[in-house]
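The structure under discussion appears below in the form of structure tokens.
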Amino acid sequence: MNPRPSELSPTLVPRIVRKVLITGLVGGVSYLATNALIHGPNEDLWSLLLATFISGVVFVVQFLVDVDTQLEAVGQEQRRQHRSTHLLVADGFSKIDEANKLFGLIEASALQADVVTQFVRNAAKVGDEVPDLVKSLVDHEVTRMSKFLKELGDGGRAIYEGEDRDWLLALASIAQTSLDAISLSSVDARDTEFEGGFWMTDLGQRYVQLQRELVQQRGGRARRIFVVDRSERLNADVFRRICKWQAEAGIEVRVLAIADAPPILGGSLSDFIIFDGVTYYESNPAPPWGGGIAPVIHSTVMVWEPKKVRERAERFSELWDSASPAS
């Protein structure tokens, strides 16, 4: 199929015209030169033949130069395409290699491979149609989770700025054997004599329900020591109801006035929970502001470092022995 005129290269016609003009010019000059140099019979015929031959040579040379130029251009394009293809293939293999390495890391990790794979699949579902604000939220949460994993993997602890909710409920829901907790009135009561404190919130009630499930459904043991800063809190009706409610949930409850705490611990008490004897969760309240303002949780830390966990377990055992059963 011949190309239509509109499909011809825009430089083709000028090149043809240039070749014809150069060939004609050389032929004319050759004819005049040979006609002046050749004398004798049939000098016009010889002049014409020589001019035609020289013009033909010039035309062929132009054609060969053109072909060589085009071949060089084709060669350069092929080399460019080759480099581009090589880079694409190399990049593809690099990505495959990286994917294999990542999959190998997933397989070597103690985490369930299918859970991590599902996480990646779900992340891929966040498409371009999602608003930028939501994408930023997803990026923030993924970054936060990455930071959480890095902290646990590198240092055996993770820190949450402020009061946590998710770690507490998750740990309580997956604990299998035990939950030992120190509950400070300065944290749980929130300066309200327990009325409207932590145990009256949705979080507190869900937390107790999960401990009930640990004891009654999974056969675990839940123990709590309420450490109060003022002995009169022990007789408060709200506090008594909280102790009874938790005891009915299967939690072993003991109480301890801070003044009765072992001297070595009295100045270093903290609100913490030990899960299955392998990790502890600790709430660190901010300094009290006074003026009746309830204290807030400054930070929450989760630690699985064995030495630190043993220290908390020993501290709990000593306080448990010093505490009295809730009446």
Side-chain angles (χ1 to χ4, degrees), residues 110-111 115-116 119 136-192 194 196-214 218 220 222-227 242 245-246 249 251 268-289 293-309 311-313 315-316 319:
L111 301 177
V115 173
V116 180
F119 174 81
S136 297
L137 174 61
V138 173
D139 288 339
H140 177 273
E141 289 300 299
V142 171
T143 301
R144 185 171 65 87
M145 177 57 67
S146 177
K147 177 176 177 288
F148 169 72
L149 295 174
K150 184 178 187 300
E151 288 178 342
L152 282 182
D154 290 347
R157 65 171 55 206
I159 299 176
Y160 182 90
E161 299 298 332
E163 184 174 12
D164 162 71
R165 177 186 181 93
D166 296 333
W167 293 354
L168 176 63
L169 295 180
L171 287 169
S173 67
I174 61 179
Q176 298 297 315
T177 60
S178 64
L179 186 155
D180 295 331
I182 301 290
S183 296
L184 301 182
S185 60
S186 58
V187 176
D188 294 349
R190 300 187 177 180
D191 207 32
T192 61
F194 291 98
F198 171 78
W199 301 110
M200 299 301 176
T201 65
D202 169 68
L203 174 59
Q205 295 184 28
R206 291 183 63 186
Y207 175 43
V208 171
Q209 177 58 33
L210 291 173
Q211 293 171 81
R212 181 194 300 273
E213 294 173 4
L214 168 64
R218 299 194 291 277
R223 297 185 295 176
R224 172 161 290 104
I225 305 173
F226 283 107
V227 181
I242 290 173
W245 165 49
Q246 297 200 17
I251 303 170
S268 60
L269 288 175
S270 57
D271 193 285
F272 66 84
I273 311 154
I274 305 173
F275 295 93
D276 286 350
V278 296
T279 187
Y280 74 82
Y281 170 103
E282 185 171 285
S283 299
N284 300 309
W289 289 3
I293 299 177
V296 297
I297 302 300
H298 176 266
S299 64
T300 305
V301 61
M302 180 172 61
V303 180
W304 65 265
E305 187 180 351
K307 180 181 177 181
K308 298 293 185 182
V309 176
E311 290 174 355
R312 289 298 188 278
R315 181 177 301 181
F316 179 87
L319 288 173

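Distance check, rounded to the nearest 0.5 Å: CZ of Arg224 to CD1 of Ile242 gives 10.5 Å. Taking CZ from Arg218 and CD1 from Ile174, the interatomic distance works out to 9.0 Å, rounded to the nearest 0.5 Å. Note: Thr177 OG1 to Phe275 CZ = 11.5 Å, rounded to the nearest 0.5 Å. Atom CD of Gln211 and atom CG of Leu179 lie 5.0 Å apart (nearest 0.5 Å). Remark: Thr279 OG1 to Leu171 CG distance equals 6.5 Å, nearest 0.5 Å. Rounded to the nearest 0.5 Å, atoms CZ (Arg212) and CD (Gln246) are 10.0 Å apart.
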Report task. Check step by step if side chain to side chain contact (heavy atoms under 4.5 Å, CB included) holds for Glu311 and Glu305. Result -> CA-CA 10 Å; Glu311 290 174 355; Glu305 187 180 351; over 6 Å; no

Report task. Would you sort out whether Leu169 and Leu203 count as a side chain to side chain contact (heavy atoms under 4.5 Å, CB included), showing the intermediate values? Result -> CA-CA 8 Å; Leu169 295 180; Leu203 174 59; 3.7 Å; yes

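Judged by distance alone, the side chain of Ser178 and the main-chain N or O of Gly220 form no donor-acceptor pair under 3.5 Å. Distance alone, capped at 3.5 Å, is enough to place a donor-acceptor pair between the Asp276 side chain and the Gln176 backbone. Looking only at distances, a side-chain donor or acceptor of Thr143 sits under 3.5 Å from a matching main-chain atom of Asp139.
The environment of Trp304 atom CH2 is sparse: at most 12 non-hydrogen atoms of other residues, nucleotides or ligands sit within 6.0 angstrom.
No side-chain N or O of Tyr160 forms a donor-acceptor pair with one of Asp166 less than 3.5 Å apart.
You'll find the side chain of Arg315 stays beyond 4.5 Å of the side chain of Tyr280, heavy atoms only. Side-chain contact between Gln205 and Trp245 is present, with at least one heavy-atom pair separated by less than 4.5 Å. For the pair Val227/Asp271, no side-chain contact is recorded, criterion being any heavy-atom separation below 4.5 Å from C-beta on. With contacts defined as side-chain heavy-atom distances shorter than 4.5 Å, the pair Met302/Leu152 qualifies. For the pair Val303 and Glu282, the minimum side-chain heavy-atom distance is 4.5 Å or more. Using a 4.5 Å cut-off on side-chain heavy atoms (C-beta onward), Leu214 and Leu210 make no contact. Between Leu168 and Ile273 there is a side-chain heavy-atom pair separated by less than 4.5 Å.
Salt-bridge check for Lys147 with Glu151: passed, with a basic side-chain N closer than 4.0 Å to an acidic carboxylate O.
Closest non-hydrogen pair, Val208 versus Ala249, comes out as CG1-CB, 4.0 Å. Closest heavy-atom contact between Phe148 and Ala158: CD1-CB, 3.6 Å.
Classification of the Trp199-Tyr207 ring pair by plane angle, with boundaries at 30° and 60°, yields parallel.
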